[in-house]
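These numbers come from a predicted model, not from an experiment.
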Amino acid sequence: MPEIAEVETVRNTLKKRLLKKRIVDVKILYPQMMESNVDEFKKNVVNQEFVDIKRRGKWLIFELDNYYLISHLRMEGKYFIKEHDEEINKHEHVIFQLDDGYDLRYHDTRKFGRMRLITKDMLDTCEEIQKQGYEPMDDKLTGEYLLSKFKNKRLPIKTVLLDQTIISGLGNIYADEVLFKSQINPLRTAASITLDEANKIITSSKSIIEMAIKLGGTTIRSYTSSLGVTGHYQDYLCVHKQENKPCPNCGTLIKRIKVNGRSTYYCENCQK
DNA sequence: AGTGCGACCCGAACGC
DNA sequence: TGCGTTCGGGTCGCAC
């Protein structure tokens, strides 16, 4: 599932293939995922060229001549580049036909992803984008900032790390890994986190995201006809999806619990 | 304001 | 084997 590192990898990969390409047609096969009016979307996106690809948290932002195409991959959204005459897969929901004989195809088995076209001046007022908190690599993310956000929260710290308005980009996997590296029990309330621990959360997030981006970069599968992203970070996970495996620190078997409905993995010995 | 929970989806995993 | 059921994951919107 794409978290910040995967979205960054998608961004870097697509950038190499898409810049200066022009959209000559678009097919929307699953209109429910389109938050813009479908007819307007088609009308406006056709004949636009890809100028840049940006990212904010888990949002991908395709910069076109006159618009931003903003796209959230949610759980399983992927972009593929395929030759235009290749058969359409049943999970391909939006097909952008490019001027070079290829398509950019949005593929999403769960149909959870969303996309929308906005004019350039709308980005500053686009709520989903603007309400994102600081990203792990942002210097503005400080222990003091986190404490001010955690102050009145009685929710488990694990749940609060998934709140994109505080730290932008962490998902269920990295939240578990960050808490393990910070040696913090996922069930602790956010309000109970000390300044020291908040700083640990920040340094852990930075190093984990940095490594994940590097791994994503080295493990891209790029075929001649398509281009998906399968990072290899899963080979380096300490706790997430590691139930009943030994903790890399102390050997205690990793526990799996539910925290506010989400699977959560941790070492009960290391994370008090 | 903070919190809790259902809805959105459907393939995979599980239970019988 | 084949069926039915449950689960999961990010985010939103609504109720409390």
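For A:Asp121, the side chain to side chain donor-acceptor pair (under 3.5 Å) criterion is met by A:Thr119, not counting sequence neighbours. Contacts of A:Lys206 classified as side chain to side chain donor-acceptor pair (under 3.5 Å), with partners at least two apart in sequence or in another chain: none. Under the ring pair (Phe, Tyr, Trp, His ring centres under 6.0 Å) criterion, A:Tyr106 pairs with A:Tyr79, not counting sequence neighbours. Listed by chain and residue number, nothing satisfies the side chain to side chain donor-acceptor pair (under 3.5 Å) test with A:Ser36 (two or more places apart in sequence, or in another chain). When the side chain to side chain donor-acceptor pair (under 3.5 Å) test is applied to A:Glu63, the partners found at least two apart in sequence or on another chain are A:Lys120.
Taking a 4.5 Å side-chain heavy-atom cut-off between Ile, Leu, Val, Met, Phe, Trp and Tyr, the cluster of A:Tyr266 extends to A:Leu187, A:Ile257, A:Val259. Counting side-chain heavy-atom gaps under 4.5 Å among Ile, Leu, Val, Met, Phe, Trp and Tyr, the cluster of A:Trp59 also holds A:Ile61, A:Tyr68, A:Ile70, A:Ile118, A:Met122, A:Leu123, A:Ile129.
Using a 4.0 Å cut-off between charged nitrogen and carboxylate oxygen, A:Lys42 and A:Asp25 do not count as a salt-bridge pair. Between A:Lys111 and A:Glu76 there is no salt bridge, since no side-chain N of the basic residue sits under 4.0 Å from a carboxylate O of the acidic one. Of the charged side-chain nitrogens involved, at least one lies within less than 4.0 Å of a carboxylate oxygen, so that A:Lys158 and A:Asp176 count as a salt-bridged pair. Taking 4.0 Å as the cut-off between side-chain N and carboxylate O, A:Arg11 and A:Glu8 count as a salt-bridged pair. Residues A:Arg116 and A:Glu128 are paired through a salt bridge, judged by an N-O separation under 4.0 Å between the basic side chain and the carboxylate.
Distance NZ (A:Lys241) to P (C:dC7): 16 Å, rounded to an integer number of Å. The CD atom of A:Glu243 sits 14 Å away from the C1' atom of C:dC7 (whole-angstrom rounding). In this structure, A:Leu170 places its CG atom 11 Å from P of C:dG10, rounding to the nearest Å. Regarding A:Leu162, its CG atom lies at a distance of 14 Å from the P atom of C:dG8, rounded to whole Å. Nucleotide C:dC7 holds its P atom 7 Å from the NZ atom of A:Lys258, rounded to whole Å.
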Expected list for residues 138-147 of chain A: side-chain donor-acceptor pairs under 3.5 angstrom, two or more places apart:
residue	atom	partner	partner atom	Å
A:Asp138	OD1	A:Lys140	N	2.8
A:Thr142	OG1	A:Tyr145	N	3.1
A:Tyr145	OH	A:Ile166	O	2.9

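The strand DNA chain C forms stems, runs of 3 or more Watson-Crick or G-U wobble pairs with distances below 3.5 Å, at B:2-16 with C:2-16.
When the side-chain nitrogen and oxygen atoms of A:Gln164 are compared with OP1 and OP2 of C:dT11, one or more of them lie within a distance under 4.0 Å. Look at A:His72 and you won't find any side-chain N or O under 4.0 angstrom from OP1 or OP2 of C:dG10. For the pair A:Arg256 and C:dC7, the criterion of a side-chain N or O lying under 4.0 Å from OP1 or OP2 is not met.
At the heavy-atom level, A:His93 lies nowhere under 4.0 Å from the strands shown. Heavy atoms of A:Leu73 sit nowhere under 4.0 angstrom from any nucleic acid atom. Backbone-only engagement by A:Arg154 is indicated by non-hydrogen atom pairs under 4.0 Å involving sugar-phosphate atoms exclusively. Using a 4.0 Å heavy-atom criterion, one finds that A:Gly171 contacts the sugar-phosphate atoms exclusively.
For residues 106-114 of chain A, proximity to DNA chain C is found at A:Arg110, A:Phe112, defined as any non-hydrogen atom under 4.0 angstrom from a strand atom.
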Distances under 3.5 Å between nitrogen or oxygen atoms of protein and nucleotides 12-15 of chain C:
residue	atom	partner	partner atom	Å
C:dC12	OP2	A:Lys131	NZ	3.3

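Distance check: A:Ile184 CD1 to A:Thr194 OG1 gives 7.0 Å after rounding to the nearest 0.5 Å.
Note that the first and last nucleotides of DNA chain B, 5' to 3', having any atom under 4.0 angstrom from a heavy atom of chain A are B:dG2 to B:dG11.
For the pair A:Arg262 and A:Pro156, both in contact range of DNA chain B, the more 5′-proximal nearest nucleotide belongs to A:Pro156.
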